[in-house]
Chemist: 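Please see the structure below; I have some questions.
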Protein chains: 2
Amino acid sequence: MTMSNTGGRRRAPTIHDVAREAGVSRGTVSRVLNGGHYVSPAAQEAVNAAIRKTGYVVNRHARSLITGRSDSVGFLLTEPQERFFEDPNFNVLLRGCTQALAAHDIPLLLMLAGTRDERRRITRYITAGHVDGVLLVSSHSGDPVAEELRAAGVPLVACGKPIGLGSKVSYVAADDRDGARDMVRHLLSLGRRRIGVVTGPPDTPGGVERLAGYREVLAEAGLPADERLVVSGDYSRASGEAGAERLLERAPDMDAVFVASDLMAQGVLAALHRAGKRVPEDIAVGGFDDSPAATAATPALTTIRQPWDRISNEMVRVLLAQLGGEDPAAVILPTELVRRESA
Amino acid sequence: MTMSNTGGRRRAPTIHDVAREAGVSRGTVSRVLNGGHYVSPAAQEAVNAAIRKTGYVVNRHARSLITGRSDSVGFLLTEPQERFFEDPNFNVLLRGCTQALAAHDIPLLLMLAGTRDERRRITRYITAGHVDGVLLVSSHSGDPVAEELRAAGVPLVACGKPIGLGSKVSYVAADDRDGARDMVRHLLSLGRRRIGVVTGPPDTPGGVERLAGYREVLAEAGLPADERLVVSGDYSRASGEAGAERLLERAPDMDAVFVASDLMAQGVLAALHRAGKRVPEDIAVGGFDDSPAATAATPALTTIRQPWDRISNEMVRVLLAQLGGEDPAAVILPTELVRRESA
DNA sequence: TTCTCTACTGTGAACGCTCACAGAAGCATG
DNA sequence: CATGCTTCTGTGAGCGTTCACAGTAGAGAA
């Protein structure tokens with residue numbers, strides 16, 4: 001009667017135990033574990049049975065030691081922390097990436113690099129090869145971590161087009177410009193002609209591209225470019241509130257606002273409410289993101305849906321392709337107008 | 001002229017290189033790396049200089065292979081996914097844990113186990129020793145993953161008291177009952193006497209304890225227990241809305257509601273607004289959590305703050321203590337009443 | 001037959017580290 | 001002067017895997 005796998009918590013079974021159980025050599029077990037090429041069907045089956053019987057699980061440390069790969073990837077957040085809190089997009093993205101990676105049996109290491117010290121530590125950790133690649137969430141330009149990682153040759157996929165870096169870095173992004181165009185066209189179709197905009201920070205792709213889309217459509221419609229109708233925020237609720245106040249002051253005849261994020265749009269709604277403006281009767285409001293904030297708002301926000309589930313899937317796909325030796329790639333995904341009450 | 005660390009990306013320096021550079025043996029370098037006991041000051045310094053010069057970073061896989069530890073911990077979420085989205089507490093908790101662990105140079109693996117298959121995979125992964133311990137977020141009772149991990153002897157710290165499990169599992173929780181007591185006492189102090197409650201699911205500690213606190217205070221105040229004033233939700237906004245409607249129907253003379261989460265309280269506010277009730281004039285509303293939803297609501301919610309930053313710190317502290325050989329422990333942290341407009 | 005090719009299998013040698021052990025040196029104690 | 005103790009150092013072994021290589025068997029071609 002031999003010792004079996006149940007109970008005892010003695011020692012985890014190794015590839016050796018499996019080999020003995022299956023009556024083959026370590027090499028054959030290893031081959032089965034790694035795709036099963038050059039293994040006879042009989043051996044294949046014997047090994048699988050032995051694995052089930054012993055409850056064998058590969059020791060990833062031993063594997064990594066020799067392969068040099070870690071079979072894990074990092075999810076790196078270099079944003080200032082308040083965004084992480086307030087922006088529901090991060091949650092969706094994080095969850096999507098975790099799941100997409102889990103499907104490949106690849107664990108995700110969460111890394112927060114808010115301070116200088118943290119950045120140094122994390123950079124060291126990553127460049128030491130403790131992860132095979134990095135999913136980067138950092139829309140601000142001039143991110144030193146991103147640049148260092150790129151220089152060190154770490155496979156990298158950014159979420160949103162990285163402004164500072166060269167073209168050699170992969171990214172996945174929603175079509176910000178096209179989304180903005182859709183929204184502004186929608187506002188025009190409602191008969192609005194004095195359309196304001198609260199855009200994002202000018203060092204983020206969302207800030208730049210959404211504003212560009214807005215300007216393009218107005219120009220195409222033959223409307224004058226009026227800089228009094230343009231203010232910028234930082235994607236926070238508070239900045240939306242402040243932005244709306246400034247707009248109302250500078251352009252009291254405004255009849256619509258395009259806001260570059262739902263969270264800011266919440267702030268805008270609050271400011272308009274305080275100013276006695278009815279939405280959408282007096283002023284139509286269009287958001288961006290289709291976050292939970294959009295449905296939570298009163299009135300519910302008409303907004304642009306970013307395909308976050310597809311974005312996370314694509315980020316993982318592109319990163320894995322890169323780990324497999326493929327070249328960096330840029331992926332741009334279409335957005336969708338979601339009509340609710342605010343416009 | 002010897003090959004130096006800069007450029008070339010040839011091969012990462014090993015402990016061997018450091019030893020040669022410092023003129024000592026591998027063993028001495030290893031001792032320096034692991035606390036520096038039994039190392040002469042001279043050797044200590046030589047090794048540190050060599051580490052700086054070579055840019056050496058320890059290979060964690062090699063270390064883990066021999067120590068059997070992975071020097072990483074898992075953050076396991078077995079909640080249904082919508083909570084992860086909607087509840088901002090998870091973000092604060094996740095961020096806090098990541099940072100607290102980073103201070104000990106321990107990476108955090110994010111694990112989502114929503115479906116049966118995912119649960120199986122994750123359990124296998126964890127029990128195989130790929131993480132040293134687990135921070136568990138799963139308030140629902142009868143969680144099969146938690147039970148399996150406990151049975152397998154995996155060091156575990158839960159967030160919130162795990163209902164199903166025995167007392168051998170560590171947890172960190174806010175004092176739900178006391179927080180509820182504070183809120184209900186506050187409502188009483190405002191002169192309210194017909195106080196309703198929208199509690200959480202009865203299989204969560206929040207659902208049980210907050211309701212218990214509510215009942216205790218009413219009893220202590222000599223008020224009758226009226227089951228028409230008690231409904232339960234699932235912490236979602238929608239369930240708060242439905243709960244408020246049911247309360248209004250069953251107890252039209254209600255003059256206050258204690259809601260077991262801010263998110264549900266948002267729903268309650270919406271329902272009250274629709275029913276033409278003014279808050280706080282007609283009905284005072286008290287929330288729980290002090291989440292961003294509390295300030296976003298109109299009127300801003302009076303609520304109970306849970307010390308999430310302390311909770312995450314304590315979770316990590318208790319887990320690390322357990323990894324160091326200490327026994328499981330329960331930590332209960334005080335809450336705080338935050339007065340705003342709604343009550 | 002003999003040779004070559006393909007499909008499959010087993011065996012040492014790493015990978016980079018820690019741990020146990022042996023041994024050296026210094027100093028106090030018997 | 002031996003003995004013990006403490007502090008420090010180097011060395012071999014081995015953690016569990018993969019990889020390169022050598023080798024076997026069987027099929028088909030010369």
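Residue numbers start from 1 in every chain, and the chains themselves are labelled A, B, ... in the order their sequence lines are given, proteins ahead of strands.
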Chemist: Listed by chain and number, what are the side-chain hydrogen bond (donor to acceptor under 3.5 Å, both in side chains) partners of Asp71(A), not counting sequence neighbours?
Modeler: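 In terms of side-chain hydrogen bond (donor to acceptor under 3.5 Å, both in side chains), with neighbours along the sequence ignored, Asp71(A) is linked to Arg69(A).
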Chemist: Taking side chain to side chain contact (heavy atoms under 4.5 Å, CB included) as the definition, give me every residue that meets it alongside Ala19(B), ordered by chain and number, with sequence neighbours left out.
Modeler: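 By the side chain to side chain contact (heavy atoms under 4.5 Å, CB included) rule, Ala19(B) matches Val29(B).
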Chemist: Under the side chain to side chain contact (heavy atoms under 4.5 Å, CB included) test, which residues partner Asp309(A), sequence neighbours left out?
Modeler: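 Scan of Asp309(A) (side chain to side chain contact (heavy atoms under 4.5 Å, CB included), adjacent residues dropped) gives Pro307(A).
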Chemist: Contact boundaries of DNA chain D with chain A (under 4.0 Å, heavy atoms), 5' to 3'?
Modeler: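 Counting from the 5' end, contacts occupy dG16(D) to dT18(D).
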Chemist: Please work out whether the ring planes of His61(B) and His61(A) are parallel, tilted or perpendicular, with thresholds of 30° and 60°.
Modeler: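 Because their plane-to-plane angle lies in the 30° to 60° range, the rings of His61(B) and His61(A) count as tilted.
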Chemist: Which parts of nucleotides 4-15 of chain C does protein reach within less than 4.0 Å, heavy atoms only, written one letter per nucleotide 5' to 3' as B for base, S for sugar-phosphate only and - for none?
Modeler: ----BBBBBBBB
Chemist: Kindly write out the residues that satisfy side chain to side chain contact (heavy atoms under 4.5 Å, CB included) with Pro107(B), not counting sequence neighbours, or none if the list is empty.
Modeler: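 Result, side chain to side chain contact (heavy atoms under 4.5 Å, CB included) vs Pro107(B): Leu109(A), Tyr125(A), Arg60(B), Ser72(B).
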Chemist: Based on the rotation axes of five pairs at each end, what angle does the helix from dT1(C)-dA30(D) to dG30(C)-dC1(D) bend through, to 10°?
Modeler: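 End-to-end axis angle: 60°.
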Chemist: For Ala113(A), enumerate each residue passing the side chain to side chain contact (heavy atoms under 4.5 Å, CB included) test, keeping only those at least two apart in sequence or located in another chain.
Modeler: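 Checked Ala113(A) against side chain to side chain contact (heavy atoms under 4.5 Å, CB included); matches are Leu76(A), Thr78(A), Arg119(A), Ile122(A).
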Chemist: Rounded to whole Å, please give me the gap between CG in Asp17(B) and P in dG16(C).
Modeler: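 For the pair Asp17(B) CG and dG16(C) P, the rounded distance is 9 Å.
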Chemist: Can you check the Asp71(B) CG to dG16(C) C1' distance for me, whole Å?
Modeler: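 Interatomic distance, CG of Asp71(B) to C1' of dG16(C): 15 Å.
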Chemist: Taking only residues two or more places apart in sequence, or in another chain, which ones meet Arg120(A) in a side-chain hydrogen bond (donor to acceptor under 3.5 Å, both in side chains)?
Modeler: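 Partners of Arg120(A) under the side-chain hydrogen bond (donor to acceptor under 3.5 Å, both in side chains) test: none.
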Chemist: List in chain and number order the residues that pass side-chain hydrogen bond (donor to acceptor under 3.5 Å, both in side chains) with Asp17(A), two or more places apart in sequence or in another chain; answer none if no residue qualifies.
Modeler: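 In terms of side-chain hydrogen bond (donor to acceptor under 3.5 Å, both in side chains), with neighbours along the sequence ignored, Asp17(A) is linked to Arg11(A), Arg20(A).
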Chemist: Among residues two or more places apart or on two chains, list those pairs meeting salt bridge (charged side-chain N to carboxylate O under 4.0 Å, His left out) that have a residue in residues 318-333 of chain B.
Modeler: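 Sorted pair list comes back empty.
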Chemist: To the nearest 0.5 angstrom, please state how far the SG atom of Cys97(A) sits from the CD atom of Glu314(A).
Modeler: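 Rounded to the nearest 0.5 Å, the SG-CD separation comes to 11.0 Å.
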Chemist: Nearest whole angstrom, please: distance from the P of dC17(C) to the CG of Leu33(B).
Modeler: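 Atom CG in Leu33(B) sits about 8 Å away from atom P in dC17(C).
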Chemist: Is Ile15(B) close to Leu33(B) at the side-chain level, that is, under 4.5 Å between some pair of heavy atoms?
Modeler: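 Answer yes - side chains close enough.
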Chemist: Taking NE2 from His61(A) and P from dT18(C), how many angstroms apart are they, rounded to a whole number?
Modeler: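 Those two atoms, NE2 and P, are 13 Å apart.
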Chemist: Are any of the side-chain heavy atoms of Cys159(B) and Tyr171(B) separated by less than 4.5 Å?
Modeler: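 Side chain of Cys159(B) against side chain of Tyr171(B), heavy atoms only: no contact under 4.5 Å found.
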Chemist: Do the side chains of Val331(A) and Arg317(A) get nearer than 4.5 Å, heavy atoms only?
Modeler: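 Answer yes - side chains close enough.
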Chemist: Identify each atom pair where a protein N or O and an N or O of nucleotides 24-28 of chain C are less than 3.5 Å apart, giving names and distance.
Modeler:
none

